[in-house]
Amino acid sequence: MGALFQGVCYADAAQAADAYFGSNAPFINPTPSGVEVFQYLLDSGEWIFQKSSIDNLTGTETIHYQIVQVPPAFPSCENPTDPVTAFSTGMELGSAVAVTMDIAWAIRRIR
């Protein structure tokens with residue numbers, strides 16, 4: 001089973017969390033002394049929210065805080081990249097095509 005985020009079924013919750021946090025662009029707030037940057041970063045496999053500032057004169061970045069983010073719960077979905085699911089779907093489709101061809105062959109043979 002996969003994890004659903006914005007209509008896309010990801011293989012697992014970790015990939016859905018990557019899409020969730022990665023879809024947020026950094027917020028840049030100008031200040032008199034430089035800029036403040038609020039952003040999500042992936043650090044050692046964990047998503048963190050970070051506030052930092054960049055000084056206009058020196059260009060140095062100062063990290064004010066970092067908070068480890070807990071990913072939200074994603075609804076489960078049927079993962080289309082799962083080999084067993086893909087094989088089952090292919091078998092169903094192939095069976096329907098084979099039955100249709102058999103019926104067409106039988107009708108043509110009867111004539």
Side-chain angles (χ1 to χ4, degrees):
M1 295 300 271
L4 185 67
F5 173 64
Q6 289 187 343
V8 177
C9 185
Y10 292 92
D12 56 18
Q15 288 182 1
D18 289 347
Y20 173 77
F21 289 117
S23 65
N24 293 301
F27 177 73
I28 299 172
N29 183 34
T31 63
S33 61
V35 293
E36 290 179 327
V37 181
F38 301 88
Q39 61 186 339
Y40 288 105
L41 300 170
L42 186 59
D43 183 33
S44 302
E46 286 187 317
W47 282 98
I48 59 172
F49 182 75
Q50 173 178 295
K51 177 191 176 193
S52 59
S53 62
I54 301 172
D55 188 88
N56 273 346
L57 299 175
T58 62
T60 57
E61 180 180 19
T62 304
I63 297 173
H64 297 284
Y65 59 82
Q66 293 180 330
I67 302 169
V68 175
Q69 297 297 297
V70 177
F74 297 102
S76 62
C77 61
E78 194 66 37
N79 187 1
T81 60
D82 177 32
V84 174
T85 304
F87 181 77
S88 298
T89 304
M91 286 296 293
E92 290 172 9
L93 181 61
S95 298
V97 169
V99 168
T100 304
M101 290 178 66
D102 287 346
I103 291 172
W105 177 82
I107 291 173
R108 185 165 170 95
R109 189 79 171 150
I110 291 173
R111 287 184 178 185

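Numbering of residues begins at 1 and proceeds along the displayed sequence. Computed from a prediction, not measured in an experiment: that's the story for all the values here.
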Nearest non-hydrogen partners of Leu4 and Cys77, listed with the distance: N-SG, 3.8 Å
Heavy-atom closest pair, residues Gln69 and Ile48: CG-C, 4.1 Å
Non-hydrogen atoms of Phe38 and Asn29 that approach each other most closely: CE1-CB, 4.5 Å
Ile67-Phe21 co-clustered via ILVMFWY side chain contacts under 4.5 Å: yes
Closest approach of Pro71 to Ala17 (non-hydrogen atoms, all atoms of both residues): CB-CB, 3.7 Å
Ring geometry between Phe5 and Phe74 (parallel below 30°, tilted from 30 to 60°, perpendicular above 60°): perpendicular
For Ser52 against Ile63, the heavy-atom pair lying closest together: CB-CA, 4.0 Å
Leu57: partners by side chain to side chain contact (heavy atoms under 4.5 Å, CB included), with sequence neighbours left out: Asp55
Atom CD of Gln66 with >12 non-hydrogen neighbours under 6.0 angstrom: yes
In one Ile/Leu/Val/Met/Phe/Trp/Tyr side-chain cluster, 4.5 Å: Leu41, Phe27: no
Shortest non-hydrogen contact between Pro26 and Val37, atoms and distance: CB-CG1, 4.5 Å
With Glu36 via salt bridge (Lys or Arg N to Asp or Glu O under 4.0 Å) - residues at least two apart: Lys51
Contact list for residues 14-26, test side-chain hydrogen bond (donor to acceptor under 3.5 Å, both in side chains), sequence neighbours left out: Asp18-Trp47
